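Worth saying up front: this structure is predicted, and the values here are computed from it rather than measured. These values consider heavy atoms only, across backbone and side chains, with no hydrogens, waters or symmetry-generated copies. Proteins get letters first, then strands, A, B, ... in listed order; numbering begins at 1 in each.
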Amino acid sequence: MLVTQFIIRRLVFSIFLLFGVSVIVFALVNAVGNPIEILLAERPGISQQAIDQMTAYYGLDQPATTRYLMWAGNLLQGDFGTSIIYNQPVWQMMTSWGLETLKIQVPGILIALALATAMAVTAAMRQYSRVDFGVMASAMLGQSLPGFFVGILLILIFSYWLGIFPSYGAYSMRSPLWGSHLLDALWHMVLPVAMLTFFNTAALTLLMRSNLVDILRHDFVTAARASGLPERRIIYGHALRNALIPVLTYLSLLFGLMLGTAPVTETVFTWPGVGYLYINAIQQLDYPVILGVTMAIAVMLVVVTLLTDIAYVLIDPRIRLD
Amino acid sequence: MASIDHISAAGTARTDKPRGMWAQGWARFRRNRTGMLGLGLVSFVVLVAILSPLIAPYAANDQSAMMNFGSRSGPSLAHPFGTDRMGYDVLTRIVYGAPTALAVGLGTMLVASVLGLLIGGISGYVGGWADEVMMRLTEFFLVLPVFVVILAVVRLFGVIVVGTPLEDIPYLNLTTIVLLLGLFGWPPIARIARAEFMRLKSMEFVEAARCIGATRSDILLRHILPNAMPSLVVVIALGIGSAILSEAMVSFLGFGDPEAISWGQLLYFNYAQLKVSPWASIAPSTAIFITVLGFNLLADGLSDAFNPRVK
């Protein structure tokens, strides 16, 4: 099978996947009940006329399939609807809050990748030594530490006790630190990024170290050693490349996990990201935002999975395409 | 003389019944230090959970500390982990959180295992298009942003049951969380079950069972399933830990069960006062950490014990 054919097949599957996700999300939210009734359960005393008006406006008197088609059709045109609570286009809200989320998630993954590579190489080069054991044990421990616990400890130590970093928010409320908006924003990012980096590094190190150890047993490594290449060149030039391939898949999983748990990360640091937006939307029963954010996260996950699948094939020609 | 003893001892050993799969696994597991540490931590949590009414220094809902110590008082002899925002003794709440955590972990994995075994088992044993359909389904559930969906459903469901008979079910919110976690947590189990059923169905002993006329359910339940168990136990142990962590995160965000005493809930009530009373946030986080670490290490040890080749 040709690479383009493979890509087209994955693309079609991704579209089916997104269709399925949209059906499930829509069905789940609808199975819970009439949105207006739910809204009214916490806000009694609204006239029947207003209820009828809202029902007609949101098309709630139509059957579920019609409503799904309406909603999905709007989604396809990039219309995520309007927030019931803030009366703002959901798309606009998601992009501005989503940017704040990516601002801490992307550095969190990139720094972790660099750190994990260094640690895994150090450990794998001295397999079963004390260094190796130390790296493995701390990675294992780090992986079991819940993210929010790391966040709490970071805030306690660096914010409350040492007073170095701010404990909440992405920007200073009044004048920015040192009079610079850029420095202010970077300074606020340090603790959340540190927490994400910590978690990602632990998981990535474990995976990369076991991959490297596996690969260092291969014949081509022995051949490279026999040809008199320095160990450093063997590791960085030959072994690491191969060890990175499974890491690619894992990175997409990790990205999904991080996006999924963004509500927790952003609650710990009171970070104005999409997770924080989501929690508020759920608490206030802001339907369009709930549906919009869930779909946006699903789209991001599917796109990342698709990209990794494609990258996988392009990087490693040994992979069979059927 | 000594050498003869040695030979006869070895001779009798040979006529003994060969040790089974589980006994061999246990023998290997016992030598695994991290695995034993995990087992120790898990046993500790289980013991605390079983004995919770006996070892908790105060009654579960005792807020009398409000009178003498005040809420948010630091660790002292009377309250080793301090008191929290509501005047509860933190140690007491931690102890009573253990049964909740274990119930969540076991309940979730019960639901997930039944689903995962059914789906993965059929997929692996039958093969063909059934396999294709089920594996696509599994892949689909793996892409779903599960945590985010669970948050929304728990909250919406909590609103809609108000005024219906469902409202009277005890721990309704917690049950919803457990069911949802299970409903979304089966794909890893299905994947392992599929691989194991696929591997085992073409083994000679299954062929032999078929030859002596064993029924299909006999083959599946008495021959294949027990041999697939070791691999499944590893995923289940990992799953218990991650279910406990998920419930803690759901509760931490304020969507937990107000009736239940859970570590995440404790964190939710006290996190806003982290600066004033850090002990009330650190203690539940540590409890979650120890439990999750215990199950992770246990799973690691189990996988080393049952699949000694993979290292």
Side-chain angles (χ1 to χ4, degrees), chain A residues 13-14 16-18 20-21 24-25 28-29 31-35 37-39 41-42 137 140-141 143-150 152-153 155-156 159-160 167 210 213 253 256-257 259-264 267-268 275 278-279 281-283 285 287 290-291 293-294 297-298 300-302 305, chain B residues 34 38 41 136-137 139-163 180 241 244-246 248-250 252-255 263-264 267-268 271-272 274-276 278 281-282 284-286 288-297 300 310-311:
Chain A
F13 179 62
S14 300
F16 268 105
L17 215 65
L18 281 179
V21 172
I24 286 202
V25 169
L28 273 177
V29 169
V32 171
N34 184 332
E37 268 169 37
I38 294 181
L39 270 172
E42 296 192 349
M140 197 78 163
L141 212 67
Q143 208 185 12
S144 302
L145 261 175
F148 55 82
F149 193 13
V150 178
I152 287 173
L153 292 178
I155 289 180
L156 268 179
S159 186
Y160 292 159
S167 63
S210 72
V213 165
L253 277 178
L257 190 69
L259 269 188
T261 53
V264 180
T267 303
V268 170
Y278 188 67
I279 294 297
I282 296 183
Q283 264 155 4
L285 301 170
Y287 272 85
I290 297 178
L291 285 173
V293 172
T294 319
I297 290 180
M300 282 212 252
L301 290 187
V302 169
T305 315
Chain B
T34 48
L41 290 176
R136 286 285 167 266
L137 191 72
E139 201 174 325
F140 171 73
F141 267 82
L142 281 174
V143 182
L144 219 62
V146 174
F147 187 66
V148 169
V149 172
I150 289 179
L151 284 180
V153 176
V154 168
R155 162 78 169 130
L156 296 176
F157 193 64
V159 178
I160 205 71
V161 292
V162 176
L180 284 171
I244 291 174
L245 185 61
S246 298
M249 293 201 290
V250 171
F252 170 55
L253 294 175
F255 301 102
W263 295 329
L267 206 55
Y268 169 61
Y271 182 63
L274 178 65
K275 198 170 186 172
V276 188
S281 294
I282 292 180
S285 310
T286 312
I288 298 164
F289 171 50
I290 287 176
T291 312
V292 174
L293 180 68
F295 279 105
N296 282 357
L297 292 179
D300 194 57
V310 189
K311 183 70 197 169

Chain A contact via B:Phe295 - side chain, backbone, both or neither, heavy atoms under 4.5 Å: neither
Per-residue contact mode, A:Val293 against chain B (heavy atom under 4.5 angstrom): neither
Gap separating the CZ atom of A:Phe148 from the CG atom of B:Leu253, nearest 0.5 angstrom: 9.5 Å
Part of A:Phe13 within contact of chain B (heavy atom distance under 4.5 Å): side chain
Student check: side-chain heavy atoms of A:Leu141 and B:Phe289 closer than 4.5 Å: yes
Chain A contacts, top residue of B:Val292, B:Ile288, B:Leu151, B:Thr34 (heavy-atom pairs, under 4.5 Å): B:Leu151
Minimum-distance pair of heavy atoms, taken over all atoms of B:Tyr271 and A:Thr267: CE2-O, 4.0 Å
Partner chain A: residue of B:Thr286, B:Val146, B:Val154 with the largest heavy-atom pair count (under 4.5 Å): B:Thr286
Contacts of A:Tyr160 that satisfy side chain to side chain contact (heavy atoms under 4.5 Å, CB included) - sequence neighbours left out: A:Ile155, A:Leu156, A:Ser167, B:Leu274, B:Lys275
Option in A:Leu259, A:Ile297, A:Ile279 with maximal non-hydrogen atom pairs under 4.5 Å from chain B: A:Ile279
Proximity breakdown for B:Leu267 and chain A, heavy-atom pairs closer than 4.5 Å: side chain
Rounded distance (nearest 0.5 Å) linking atom CZ of B:Phe255 with atom CD1 of A:Ile282: 4.5 Å
Partner set under side chain to side chain contact (heavy atoms under 4.5 Å, CB included) for A:Thr294, not counting sequence neighbours: A:Val25, A:Tyr278, A:Ile290, B:Pro145, B:Val148, B:Val149
Any B:Asn296 side-chain heavy atom under 4.5 Å of A:Met140 side chain: no
Structural part of A:Thr261 lying under 4.5 Å from a heavy atom of chain B: both
Euclidean distance, B:Ser285 OG relative to A:Ile152 CD1, rounded to 0.5 Å: 4.0 Å
For chain B, the option from A:Gly256, A:Pro263, A:Gly275 that forms the most heavy-atom pairs under 4.5 Å: A:Pro263
